[in-house]
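In what follows, a structure is listed as structure tokens, so that the remarks can point back to it.
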Amino acid sequence: MAVERYNAPEREPHWQRVWEDADLFTAKTDSDRPKCYILEMFPYPSGRIHVGHSRNYTMGDVLARYKRAKGFNVLHPMGWDAFGMPAENAAMERKVHPGEWTRQNIAAMREQLKSMGFAIDWAREFATCDVDYYKHQQKLFADLLAKDLVYRKSSKVNWDPVDNTVLANEQVIDGRGWRSGALVEQRELTQWFFRITKYADELLEALGTLDQWPEKVRHMQANWIGRSEGALIRWALDKQTAPKGFKEVEVFTTRPDTLFGASFLAIAPDHPIAKAAAKDNPEIAAFAEECRRLGTSVADLESAEKKGIDTGIRVKHPFDADWLLPVWVANFVLMDYGTGAIFGCPSGDQRDLDFARAYDLPVIPVVLPPGADADAFEIGNEAVDGTGTMINSRFLDGLAPEAAFEEAISRLEKTKLGGKPAASRKVNFRLRDWGISRQRYWGCPIPIIHCDDCGVIPVPAKDLPVELPADATFDKPGNPLERHPTWKNVDCPKCGKAARRETDTMDTFVDSSWYFVRFTAPNAKTPVDPEAAAYWLPVDQYIGGVEHAILHLLYSRFFFRAISDAGHAPTGGANLREPFAALFTQGMVTHETYKSAKGAWLPPEAVTLEGDGNNRSARETETGAPVTIGSIEKMSKSKKNVIDLDAFIGNYGADTARWFVLSDSPPERDVIYTDVGVEGARRFVQRIWRLVNEMAEKSAAQGTEKPADFSPEATQLRRAVHKTLHNVGRNIEGLRFNVAVASLYELANILGSSLDKDSEGHPWALREAAEITVQMIAPMMPHLAEECWSRLGYNTLVTNQPWPEPEPALLVDDEITIAVQVNGKRRDELKIARDASKETVEAAALALETIVRVMEGRTPKKVIVVPQRIVNVVV
RNA sequence: GCGGACGUGGUGGAACUGGUAGACACACAGGACUUAAAAUCCUGAGACGGCAACGUCGUGCGGGUUCGAAUCCCGCCGUCCGCACCA
């Protein structure tokens with residue numbers, strides 16, 4: 001009677017082999033069945049997989065297995081986002097080649113993913129550092145260049161003057177280089193850019209069609225693109241004070257209606273006028289220098305204290321040549337946005353107001369809020385926005401801001417300044433072109449040759465790929481390609497003279513902007529196989545972290561369009577512009593952090609925990625030294641709060657890991673890793689195993705004919721099973737895995753109490769229950785499901801079974817329970833036939849003892865009956 | 001600074017379009033089985049008051065709309081994420 005425990009770590013590899021031998025997950029282009037492309041954002045091969053990583057692959061896998069059972073031709077591939085900084089850092093620190101480090105990590109991580117039993121088509125696997133991948137990327141680059149979607153311009157980087165190297169934003173800590181500690185400077189470099197702004201309007205417009213994307217992601221992208229309608233206004237410089245060679249300054253504004261509230265102009269520290277002013281004025285030069293020390297991160301720039309310096313330059317107000325305003329250099333004006341110059345209207349903009357108060361500049365209210373008293377109205381420390389009536393604005397007085405906006409622009413369009421209109425309408429985008437140059441080794445080489453005579457020449461197609469040299473050195477900072485003795489020396493393909501290779505490599509976001517296309521035909525001779533792409537794309541469900549909500553997803557949307565327009569469109573793909581039909585952003589797995597007395601992070605396995613609730617404490621297991629329990633954070637190598645997957649699977653098995661990460665927390669939210677949560681998952685694995693074993697003994701034999709009649713309790717069991725089946729299907733499709741899990745727990749409770757019954761049809765109902773239960777858990781705990789399936793007497797694979805369909809008749813109850821309220825407060829409930837008429841329900845409700853008592857003889861004013869939901873008696 | 005989200009028992013969370021708040025799980029308490037333990041099974045439980053029947057309160061805080069609000073609207077507080085060279 002007693003069932004042996006299910007030994008997951010021992011049985012799981014067996015089933016993985018069986019699946020592999022049966023070649024179940026290799027996707028074939030097969031037009032008979034509808035296709036379904038499921039993709040999780042591919043991982044960076046950082047070393048080892050921990051339980052945190054496994055969550056989004058598990059989610060994708062559940063969906064892939066479910067869709068497969070539903071009859072879809074599923075594509076579920078895996079690959080590696082293999083270029084990037086960590087490999088280069090490892091090379092410097094451990095003297096191991098980035099390629100070797102990356103390959104080792106990939107090998108380890110591939111084995112770990114396989115041990116999770118994922119239904120992945122491994123035949124399509126590739127890494128972005130494979131020459132066979134990046135050579136196609138170089139071809140795409142060349143084609144984009146030919147289409148004028150790539151260009152060069154000067155742009156700023158973080159420069160470490162001690163290490164003589166370019167730093168990523170994350171390598172700049174408090175304004176200093178992370179290794180050298182030197183104060184970081186901004187430096188201008190000529191770099192490569194993708195013309196993403198050409199697609200700004202389309203990328204914004206098309207967001208409206210992405211109805212299977214989270215609202216918040218679309219919102220974030222819309223804000224990121226930042227379309228705004230306004231005007232370019234030219235301000236004449238006052239001749240007395242203007243730097244030599246400058247006559248005017250152009251300002252972009254979305255609020256031309258507030259022009260009469262202007263009290264100063266502010267320009268970016270690297271605006272040409274600011275640079276000219278700095279030449280003659282050491283104070284301005286010093287200020288600009290200080291601004292440059294802030295690095296290039298927008299977050300740092302904008303959260304820094306607002307500071308400025310008066311240049312002494314004056315400009316004429318566009319509507320009044322006698323009105324002179326000062327020009328300031330300010331640290332919050334960005335050269336990259338608009339024209340790098342703004343006019344400050346302190347009464348209408350909080351940042352301008354703070355600035356005006358700090359430097360004692362005039363504050364003129366120009367918009368009177370509705371209901372405010374015109375004579376007494378003053379601006380305190382809070383600016384007023386939008387709505388109201390224009391005041392102090394001469395010919396605009398009395399207008400609404402929207403009307404004043406139109407009027408101001410119309411007038412300026414007619415006003416001539418140096419023979420040209422003083423202003424023009426302009427749609428401005430916050431989105432900037434995508435800078436892809438990286439001064440690093442471990443990335444896709446940009447296939448360009450620089451010739452002194454011929455200029456910038458693309459590497460001819462016949463000479464591609466441009467491969468990374470294997471023998472680069474990593475013993476010092478800086479770009480190893482730049483200092484490689486021979487690699488960059490090459491003959492100009494045009495004139496044959498000695499020339500130099502481009503030593504910049506591409507941003508790794510380029511690699512990840514089209515890997516999902518390559519998965520559709522990973523061995524194609526051309527970057528894109530138009531037939532395969534047309535068949536598989538778009539990705540039907542894309543799953544990844546919210547941290548990619550903007551950059552990766554926007555770049556991919558752009559790049560897919562750009563390469564389509566450059567000759568790599570899927571067949572008949574004129575309407576296929578969006579690569580990801582549905583997007584799901586999953587939460588992280590978090591874990592407590594532990595710190596030793598010396599302040600070093602400790603991994604969980606080195607720590608022993610004691611007590612509970614508020615009395616928890618921790619010690620180092622080996623030494624007994626006290627440990628500080630830190631905050632709960634996303635699992636990360638740097639804080640060591642990771643649970644390694646191998647150890648986990650060795651203890652509990654993959655199915656427990658899978659079940660745990662699917663349970664409890666809604667998938668879009670973070671889940672906290674706890675040992676007790678894992679124990680819960682492990683117990684459930686055993687419980688299912690016991691249940692199925694007992695059911696196998698007590699149920700009808702396999703293939704028994706369905707009885708004509710079922711006892712009430714057998715019907716009740718069947719109802720529960722079919723309702724669960726309905727819920728699990730619905731919730732897997734909606735990616736509400738935690739809810740699907742909960743309904744399976746609920747069913748397990750019912751199954752447990754249904755075992756020892758033997759009324760009419762019950763054995764058959766039990767067999768049906770066992771089979772459907774096993775099929776329902778199969779996408780989530782596939783190994784256990786196979787084990788159970790064979791225990792039920794099958795020599796087929798449950799993975800190959802079609803998803804069962806619930807019987808509609810079993811989903812609805814004949815008698816239902818509805819709540820009865822008096823004045824909106826629940827007082828009793830009522831059991832009544834499902835199809836009872838409103839009148840019947842009302843009468844039955846009013847007749848309830850509790851209701852009669854609570855009514856105290858009062859007559860109902862109104863009785864609201866919502867069929868099958870609720871009765872509310874209003875007195 | 002700008003932009004985005006989230007907030008429900010001791011804990012993780014459920015609640016389809018506004019209709020019985022707290023499903024399910026964890027932790028906890030009591031019981032069964034056992035020489036004992038583990039495992040397993042059964043029972044209980046939002047808070048407060050009451051022996052109980054039952055009553056009152058209750059979804060971060062303050063207002064509003066509605067017969068009815070966790071859900072919709074306005075204001076506040078708190079937490080988390082992104083900000084263009086981390087991936």
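Numbers restart at 1 for each chain; the letters A, B, ... are given by sequence-line order, proteins then strands. Bear in mind the structure is a predicted one, so any value in this text is a computation, not a measurement.
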task: For A:Gly677, report the nucleic acid contact type (base, sugar-phosphate, nothing); a contact means any heavy atom under 4.0 Å.
output: nothing

message: Categorize A:Lys825 for me: base, sugar-phosphate, or nothing, with a 4.0 angstrom heavy-atom threshold over every strand shown.
response: sugar-phosphate

message: In this structure, how many angstroms lie between the C1' atom of B:G4 and the NE2 atom of A:His548, rounded?
response: 17 Å

- prompt: Contact class for A:Gln191 (heavy atom, under 4.0 Å): base, sugar-phosphate, or nothing?
  reply: base

- request: Verify the contact: side-chain N or O of A:Arg669 to OP1 or OP2 of B:G7, cut-off strictly under 4.0 Å; return yes or no.
  value: yes

query: For B:A14, does either OP1 or OP2 sit under 4.0 Å from a side-chain N or O belonging to A:Asn738?
result: yes

message: Less than 4.0 angstrom between a side-chain N/O of A:Asn169 and OP1 or OP2 of B:A84, yes or no?
response: yes

message: Under a 3.5 Å cutoff, is there a donor and acceptor pairing between the side chains of A:Tyr133 and A:Trp514?
response: yes

- request: Would you please indicate yes or no on a ring centroid separation below 6.0 angstrom for A:Phe193 and A:Trp434?
  value: no

- prompt: Does B:G13 have OP1 or OP2 sitting under 4.0 Å from an N or O in the side chain of A:Ser665?
  reply: yes

field: Distance-only donor-acceptor test (3.5 Å): side chain A:Asn872, base B:C67
entry: yes

task: Find out whether A:Trp159 and A:Val166 are in side-chain contact, i.e. whether some heavy atom of one side chain is under 4.5 Å from a heavy atom of the other.
output: yes

query: Within the structure shown, what part of the strands sits under 4.0 Å from A:Val166 by heavy-atom distance: base, sugar-phosphate, or nothing?
result: base

task: Select base, sugar-phosphate, or nothing to describe what A:Leu431 touches, counting heavy atoms under 4.0 Å on all strands.
output: base

query: Rounding to a whole Å, what distance do you find between A:Ile870:CD1 and B:U71:P?
result: 16 Å

Axial cation check for A:Trp224 ring with A:Arg430, 6.0 Å and 45° limits: yes

- request: Classify the nucleic acid contact of A:Asp336 as base, sugar-phosphate or nothing, counting any heavy atom under 4.0 Å across all strands shown.
  value: nothing

- prompt: In whole angstroms, how far is the C1' atom of B:A25 from the CG atom of A:Leu662?
  reply: 14 Å

field: A:Asn749-A:Arg687 side chain donor-acceptor pair, cut-off 3.5 Å
entry: yes

- prompt: Once you round it to whole Å, what is the distance between P of B:A84 and CG of A:Asp507?
  reply: 12 Å

query: Does B:G55 have OP1 or OP2 sitting under 4.0 Å from an N or O in the side chain of A:Arg827?
result: yes

query: B:C80 phosphate, OP1 or OP2: any side-chain N/O from A:Lys216 under 4.0 angstrom?
result: no

Base orientation of B:G9, syn vs anti, 90° cut from 0: syn

query: Below 4.0 angstrom from OP1 or OP2 of B:C2, is there any side-chain N or O of A:Arg430?
result: no

- prompt: Base, sugar-phosphate, or nothing for A:Ser437, non-hydrogen atoms under 4.0 angstrom?
  reply: base

field: Interatomic distance at P, B:C2 relative to B:G18, whole Å
entry: 33 Å

message: Measure CD1/A:Ile750 against P/B:A25 and give the value in whole Å, please.
response: 11 Å

statement: Ranking A:Val217 and A:Val866 by the position along RNA chain B of their nearest nucleotide, the one closer to 5' is A:Val217

statement: Atom CG of A:Asp664 and atom P of B:A14 are separated, to the nearest Å, by 9 Å

task: Establish, with yes or no, whether the OP1 or OP2 oxygen of B:C85 is under 4.0 angstrom from a side-chain nitrogen or oxygen of A:Arg438.
output: yes

message: Can you see if the side chain of A:Arg730 gets near the phosphate of B:C16 - specifically, an N or O under 4.0 Å from OP1 or OP2?
response: no

query: Between atom CZ of A:Phe42 and atom CG of A:Asp81, what is the distance when rounded to the nearest 0.5 Å?
result: 3.5 Å

task: Assign A:Ala299 to base, sugar-phosphate, or nothing according to its heavy-atom contacts below 4.0 angstrom with the strands shown.
output: base

field: Sugar-phosphate only, base, or nothing, as touched by A:Gln821 at under 4.0 Å among non-hydrogen atoms
entry: base

query: Is there a donor and acceptor pair, one atom on the side chain of A:Gln350 and one on the base of B:C2, closer than 3.5 Å?
result: no

- request: Describe the nucleic acid contact of A:Pro43 in one word from base, sugar-phosphate, nothing, applying a heavy-atom distance below 4.0 Å.
  value: nothing

- prompt: Across the strands shown, which category fits A:Arg351 at heavy-atom distances under 4.0 angstrom: base, sugar-phosphate, nothing?
  reply: nothing

- prompt: Just checking A:Trp224: base, sugar-phosphate only, or nothing, at a heavy-atom cut-off of under 4.0 Å?
  reply: base

query: Between A:Trp192 and A:Arg152, is there a cation-pi geometry (under 6.0 Å to ring centre, at most 45° from the normal)?
result: yes

message: Can you confirm whether more than 12 heavy atoms, excluding those of A:Glu93, are under 6.0 Å from its CD atom?
response: yes

query: With no angle test and no hydrogens, is the base of B:C26 tied to the side chain of A:Glu679 by a donor-acceptor pair under 3.5 Å?
result: no

message: Below the 4.0 Å mark, does B:A14 have OP1 or OP2 next to a side-chain nitrogen or oxygen of A:Asn731?
response: no

task: On RNA chain B, check which nucleotide each of A:Val873 and A:Glu215 is closest to and give me the residue with the more 5' one.
output: A:Glu215

task: Could you check whether A:Gly226 gets within reach of a base, just the sugar-phosphate, or nothing at all, counting any heavy atom under 4.0 Å?
output: nothing

field: Separation of atom CH2 in A:Trp159 from atom P in B:C85, rounded to whole Å
entry: 17 Å

query: Can a side chain N or O of A:Thr508 be found less than 4.0 Å away from OP1 or OP2 on B:A87?
result: yes

message: Could you tell me how far apart A:Arg683 (CZ) and B:A38 (P) are, to the nearest whole angstrom?
response: 13 Å

